[in-house]
Amino acid sequence: MPKEGANPWPSLYMLCTLAMRYSSAFIPTLKEIPRDATTPSHILLLRGGFIRMVGAGIYEMLPLGHRVLRKITEIVREEMDRAGAQEVLMPALLPRQYFEETGRWDLYGEVLFRLRDRKGGDYHLGPTHEEIITDMVRREVRSYRQLPLNLYQIQMKYRDEPRPRAGLLRCREFLMKDAYSFDVDEKSALASYENMREAYHRIFRRLGLAYRVVEADSGAIGGETSAEFQVLAQTGEDAIVACTACQYAANVEVASSQAPSRGPLSELPIERLYTPGQTTIEAVSRFLGVPAHQTIKALLFRVIREKRVSYALVFVRGDDEAQETKVINALGGAGIEIAMATPEEAQKLGLVPGYIGPQGLRPSSELDVLIDRSLDTGQGWICGANEENHHVRNVVIGRDTHGRIAELRVVRSGDPCPRCGGRLESYRGIEGGHIFVLGTHYSAKMRCTFLDRDGQEKPVIMGCYGIGISRLVAAAVEQSHDEDGIIWPMSIAPYHAIVIPAGNDEALFQEAQAIYRSLDEQGVEVLFDDRDERPGVKFKDADLIGIPLRIVVGKKGLSEGKAEVKARREKEPHWVALAELLGWVRTRIEKEGGRLRESKAR
RNA sequence: CGGGGCGUAGCGCAGCCUGGUUAGCGCACCAGACUGGGGGUCUGGUGGUCGUGGGUUCAAAUCCCGCCGCCCCGACCA
């Protein structure tokens, strides 16, 4: 095979360039699917030689994977800087005291990777850095004049996930950009939040990903204002709904739908029905010949609040499901854990499993009674009679019940939008970013305060903003691949283009090499497949690793003075005259959001 | 943490139930020849503590016990 020169070592010039000869690149592709990989991104990133597993939820980045990571990192960094945030770098190894201050040393539980130094001191690996950044700021900030401030870092996070999975999508070590804003008041904090929201839009747009911004549960940290940036992908862990008519979109954990209209209370009296052995909604509706949506389903949850156990009885329509996050929030939110209770527990509470109904039940300190809003229509319902082998009909919420009414059901595709009444559609997404207004949750606990204009000491108002950078590598693949491999968006592709000489003809190789060199000189990040392989092998690898532009130099085209340029995401190739090739490729790269390097050509 | 599955060459797998030559196949890898636009063909090769520790047995990849690791479903989460 013709090779350039006799010296096997690349010149210093070659070491500096971002172009690469495939024969000397470390791109160990796999023909077969590794046994342990099941999701598309995991399979393709392994097969394409981007990543390798070191342990459960711990991965190393090979050159290709690292290049993608760098591309994403650079886009994030540029947009954070543009938005006025300043980059810092905090330690991953942290002494106990900071998390102790906010109570998270205990709260975080097993998820925290804990370790001990030689002197017996407790340490942990940072799962997130609110405490550390707050400490950094409280030590220096005294006056409102020093605010607002937005500091960010890009670094590894560590969480001992109960179940790492799907390759880079859920890791125990992962690369994250986390930013924190510090403001003097609510209004300013919201402005910081909005500023980040816009920066995130620019970031996700530049990454070339299809995404939706959704309302989300703010979780244990508290705070009202938050939004998730969800990368749309069939395999996403999160279910979201979005309105087809307006901008409303939300994680199903908190998604709302329009409340049903409420008519006058029915006056039909409650009627007892004999339903022997009919203990499920399906059985009851079949037995009585009524549709499930006219029945009420009862769900008993065990509630653990500060280690105290109580119960919550939740009623939703027969054809609905209860949304656990909503149930938790209805019970008071943070710090509460719930789980389905057993029939035995129900019996202990004096309930009759399989025949529970809301009528007549009074909430107590032991038992909360929650009724979904969709049942509060004034009409009569069929539900359990709170008596073995019997149901009742004509139960009217409000008239016959004492439970609290709240929105508890899981919103479904087709439900009316809470804002505009339009149709809600379901999607699946991968959480790529999350922005929050934290308020004074950390600053108050850690006494991160400043003196305002009036000489008053006040806690700073904080916000935090995360992007799962390593997760986005996988999210991009989940969203954009086909049966042959990955299809990278131009802006985050490891290389813009790959040049393939198709055939073993010396002249052809020389021509391909000339094209490769001039592309490199023109600032194109280009791979040159100079391997002594058959064309089929090269095509397969090029498709697998997902380089956006493939330039094939073959006999047929060359005889007409043309090269074949095929976009990875398109089916048909473009035949481009050699004289126009450089310009064509450069234009195409920039049009698709890629960035050319500084040209080396004079 | 509950349920299920897996661990044999770099990768994918067979062998295990019913113990018994030198542990086998495909891919990859090395040498040579042919071939040269979708993972090509032929010839000859290299490569194994059968996850690990113990036990049973004349004999263990195979049977028994412990441990470790990985994956999937669930509970939990960026």
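Just so it is clear: chains get the letters A, B, ... in the order the sequence lines come, proteins before strands, and each one is counted from 1.
- For an aromatic pair to be called close, the ring centres must be under 6.0 Å apart, and A:H42 with A:Y59 satisfies this.
- Pairing for B:U18 is absent, judged as Watson-Crick or G-U wobble with the two contacts each under 3.5 Å.
- Under the 4.0 Å criterion applied to side-chain N and carboxylate O atoms, A:K297 and A:E321 are assigned as salt-bridge partners.
- Distance CG (A:L169) to C1' (B:A78): 11 Å, rounded to an integer number of Å.
- To the nearest angstrom, P of B:A75 lies 12 Å from CD1 of A:I328.
- Using cut-offs of 30° and 60° on the angle between ring planes, the pair A:F229 and A:F204 is parallel.
- Computed from coordinates, the A:W575 CH2 to B:G37 P distance equals 13 Å when rounded to whole Å.
- Between the C1' atom of B:C71 and the OH atom of A:Y59 lies a distance of 10 Å, rounded to the nearest Å.
- Backbone-only engagement by A:A166 is indicated by non-hydrogen atom pairs under 4.0 Å involving sugar-phosphate atoms exclusively.
- With a 3.5 Å ceiling on both atom-pair distances, B:A23 lacks any Watson-Crick or G-U wobble partner.
- Nucleic acid contact class of A:Q230 (heavy atoms, under 4.0 Å, all strands): none.
- A donor and an acceptor atom sit less than 3.5 Å apart, one in the side chain of A:D543 and one in the base of B:G38.
- Look at CD on A:E237: it is 12 Å from P on B:A75, rounded to the nearest Å.
- Comment: A:D482 engages A:R568 in a salt bridge, judged by a side-chain N to carboxylate O separation of less than 4.0 angstrom.
- Rounded to the nearest Å, the gap between the C1' atom of B:C30 and that of B:C72 is 38 Å.
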Which atom pairs link the protein and nucleotides 1-7 of chain B when you take only N or O atoms and keep those under 3.5 Å?
unit_1: B:C6; atom_1: O2'; unit_2: A:R35; atom_2: NH1; d: 3.1

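- Checking B:C72, B:A78, B:G37 against the side-chain heavy atoms of A:P535 singles out B:G37 as nearest.
- Each of B:G39, B:C72, B:G26 was ranked by its minimum atom distance to the side chain of A:R165; first place goes to B:C72.
- Nucleotide B:A78 is matched to nothing when pairs are restricted to Watson-Crick or G-U wobble geometry with both distances under 3.5 angstrom.
- With 3.5 Å as the limit, one finds a donor-acceptor pair spanning the side chains of A:T29 and A:D541.
- For A:R550 against B:G38, a side-chain-to-base donor-acceptor contact under 3.5 Å is present.
- In this structure, B:G69 and B:C6 make a Watson-Crick or G-U wobble pair, each of the two defining distances being under 3.5 angstrom.
- When the nearest nucleotides of RNA chain B are assigned to A:L544 and A:L168 by heavy-atom distance, the more 5′-ward of the two goes with A:L544.
- Taking CG from A:L175 and CG from A:L168, the interatomic distance works out to 10.0 Å, rounded to the nearest 0.5 Å.
- Only the C1' atoms considered, B:G53 is 23 Å distant from B:C58, to the nearest whole Å.
- Residue contacts for A:I33: at a heavy-atom cut-off of 4.0 Å it reaches the sugar-phosphate backbone alone, with no base atom in range.
- Ion pairing between a basic and an acidic side chain is recognised when a charged N comes within 4.0 Å of a carboxylate O; A:R159 and A:E173 show no such pairing.
- Among the protein residues, A:G554 comes within range of the nucleic acid bases, having at least one heavy atom under 4.0 Å from a base atom.
- Base pairing of B:G48 is not made with any nucleotide, judged by Watson-Crick or G-U wobble geometry with both donor-acceptor distances under 3.5 Å.
- Comparing A:D541 and A:A56 by the nucleotide of RNA chain B that holds the closest heavy atom to each, the one mapping nearer the 5' end is A:D541.
- Checking B:C76, B:A78, B:G37 against every side-chain atom of A:E431, the shortest atom distance belongs to B:A78.
- Contact of A:R47 with B:G12 (side chain to base): no donor-acceptor pair of N or O atoms is detected under 3.5 Å.
- Listed nucleotides B:C71, B:G37, B:G26 differ in distance to A:V552; the shortest reach to its side chain belongs to B:G37.
- For the C1' atoms, the distance linking B:A60 with B:G15 amounts to 14 Å, nearest Å.
- Taking the side chain of A:E161 as heavy atoms from C-beta on, and the options B:C76, B:G36, B:C70, the nearest nucleotide is B:C76.
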Can you give me the N/O atom pairs linking the protein to nucleotides 40-49 of chain B at distances under 3.5 Å, or say none if there are none?
none

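- Across the protein-nucleic acid pair, A:I500 atom CD1 and B:G39 atom P stand 14 Å apart, rounded to whole Å.
- Side-chain atoms of A:E32 stay outside donor-acceptor range of the base of B:G10, with no qualifying N/O pair under 3.5 Å.
- Taking the C1' atoms as reference points, B:C34 lies 40 Å from B:A61, given to the whole Å.
- Separating the P atom of B:C50 from that of B:A23 is a span of 11 Å, rounded to the nearest Å.
- Comparing B:A78, B:G37, B:G36 by their nearest atom to the side chain of A:C171 picks out B:A78.
- Put simply, the side chain of A:R52 never gets that close to the backbone of A:M61: no donor and acceptor are under 3.5 Å apart.
- Taking atom NE2 of A:H42 as the reference point, atom P of B:C72 lies 8 Å away to the nearest angstrom.
- B:G37 has no stacking from A:F539 on its base ring, since the centres under 5.5 angstrom apart and planes within 30 degrees of parallel are not both found.
- The partner of B:G32 is B:C42, by the rule that a Watson-Crick or G-U pair needs both atom distances under 3.5 Å.
- B:A28 and B:G48: their C1' atoms are spaced 16 Å apart (whole Å).
- The existence of a salt bridge linking A:R77 and A:E87 is confirmed by a sub-4.0 Å separation between a basic side-chain nitrogen and an acidic carboxylate oxygen.
- Across B:U46 and B:C27, the matching C1' atoms stand 15 Å from one another, rounded to whole Å.
- Contact annotation: A:T38 reaches the phosphate of B:C72 (side-chain N/O to OP1 or OP2, under 4.0 Å).
- Considering only residues two or more places apart in sequence or on other chains, A:E570 meets the side-chain hydrogen bond (donor to acceptor under 3.5 Å, both in side chains) condition with A:H574, A:R588.
- The P atoms of B:A9 and B:U62 are separated by 15 Å, rounded to the nearest whole Å.
- Both cation-pi conditions hold for A:R550 and A:F539: the charged atom is under 6.0 angstrom from the six-membered ring centre and inside a 45 degree cone around its axis.
- Using a cut-off of 4.0 Å between Lys/Arg side-chain N and Asp/Glu carboxylate O, A:R47 and A:E32 are scored as not salt-bridged.
- The neighbour count for A:L508 CG, taken as heavy atoms of other residues, nucleotides or ligands under 6.0 Å away, is above 12.
- Distance, A:R531 CZ to B:G39 P: 14 Å, rounded to whole Å.
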